[in-house]
Structure formats: C-alpha cells, structure tokens
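Counting starts at 1 for both ligands and their atoms, following the listed order.
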Amino acid sequence: MAMAKSKTLFSIFFIPLLFSTLITARDPRFDRSLSPKSLGLRKEKLSHLHFYFHDILSGQNPTAVRVAQAAMTATSPTVFGAVMMADDPLTVGPEPNSKVIGKAQGIYASASQNDLGLLMVTTRNKGIAVLNFAFMEGKYNGSTVSLLGRNAVFSGVREMSIVGGSGVFRFARGYAQAKTFWLNTTSGDAIVEYNVYVLHY
Ligand SMILES: *[C@@H]1O[C@H](CO)[C@@H](O)[C@H](O)[C@H]1NC(C)=O
Ligand SMILES: *[C@@H]1O[C@H](CO)[C@@H](O)[C@H](O)[C@H]1NC(C)=O
C-alpha cells in the first residue's frame, strides 16, 4: 500500500519533472523575464510635441506623391483608392521656411468611398495614415514615433494613435491631434498643426 502510494507520487511529481528537464535541455529557451530597470526604464513620462506638418503635392518639389490608385479613383469624389507616399517636413512654426525639426515619412491613403458634403472637394479625404515621425532636433535626434489612424481631413480636429516609437520614444503610446492650419483645395497642399501626447520612458 505504502509502496503503491510512493510509486504514484513518483509518477505524479518526478516523471513530469524529468520530461520538463529533458525538454528544457533539448530546446534552449528564447525568452526570459527582465526587470524594467535592466533596460534603463525608470519612470514613464508624458511628453507633448507641437509642430506643423507640411504636405506639398504641387510644384517642382512635392513632399508627397501618389504611388498607386484604382481604376475608379479618378472618378471617385473622395479619390478612393489613392495611395500617397510622404516625406513631409515637420517644423516648429507654420511658415514654410520655419525651422525643420523632423520628417513625417510613410503612407496615407484614401479609404472612404463616400462622405456627403465633401463631394465638391477632390483632394485628400477620409484616409488612413501610417507615418513615422522622425525627429532631428536636440535630444530627440534619431528618435521616432509611429502613428496609425484614420484622418478625416475635413473634420476640425482629428485624433490618431501613436502605436510605438524608437530611441527616446521606446515603448511609446499615446495620441496625436491634427488640425488643418492651411489648405489649398485646388492643389491639395496643406499645412497641418499637430499636437502629440506620448507616454515613454
Ligand atoms: C542628428 O544626428 C545626425 C546623425 O547622428 C547628425 O549628423 C546631425 O548633425 C544631428 N543633428 C542635430 C540637429 O543634432
Ligand atoms: C493653390 O494651388 C493652385 C494650383 O497649384 C495655385 O495655382 C494657386 O496659386 C494656389 N493658391 C494659393 C493661395 O497658394
């Protein structure tokens, strides 16, 4: 009886242990727990970044170009299907010659087929933006934040997500609010004011 019991205990505790040891020996681990301090992460802080985004489609030196479209894009009132690649300067002030502090690099695309009331307008519309804000100024030089979201260009203030970052913005999360400062509805050129609120370490 006692023998049987100790055998059972043996199977319950020792055999799984043996297997897990064997499995561990065969498969080297690829994960480990770390204390945030070991990556130099101490206190999470909140930063507010304020800048102007210059999206220039016209002229000799456009900062955003259309890289793809669908057959129906040309006749769509919202240019549905147009995909733009941007390398847009970010400046301290709204003037085109204001000091450049970074670039917004990435893709935005028209992702809405109809928005009544905007039918007269043939520039960018409800779109999806996937942009990296790459900063070049001071302690932010070389750091990026990544934005992903829906940009209803003709709404007052649009909010998009900050989904990550690099450099000083590692582990970033937050949101960006965009407000059109100036728009030429003929050319589509725009200057957009951005307020970005980002939590990072
Ligand atoms: C930013 O970093 C680059 C590369 O390290 C350097 O060439 C450049 O001078 C820096 N710019 C500023 C404004 O610090
Ligand atoms: C708007 O864009 C059109 C077409 O590029 C241009 O002819 C016009 O001068 C621009 N208007 C302003 C106010 O910049």
Evaluate the ring planes of F133 and F135, with Trp represented by its six-membered ring, and classify them as parallel (under 30°), tilted (30 to 60°) or perpendicular (over 60°).
tilted

among protein heavy atoms, the one nearest atom 13 (C) of ligand 1 is M136 O, 3.1 Å

Heavy-atom nearest neighbour in the protein, as seen from atom 12 (C) of ligand 1, with distance rounded to 0.1 Å
N141 ND2, 3.2 Å

Quiz question for you: does at least one protein heavy atom lie closer than 4.0 Å to atom 5 (O) of ligand 2?
yes

Using the six-membered ring wherever Trp is involved, compare the ring planes of Y140 and F169 and label them parallel, tilted or perpendicular (cut-offs 30° and 60°).
parallel

Less than 6.0 angstrom separating the ring centers of Y194 and Y52, yes or no?
no

Protein non-hydrogen atoms only, distance under 4.0 Å: does atom 2 (O) of ligand 1 have such a neighbour?
yes

Ignoring hydrogens and geometry, is there a side-chain-to-backbone donor-acceptor pair from D189 to S58 under 3.5 Å?
yes

Do any N or O atoms from the side chain of S143 and from the backbone of V168 form a donor-acceptor pair under 3.5 angstrom?
yes

The one among N184, T186, T185 that brings a heavy atom closest to atom 8 (C) of ligand 2
N184

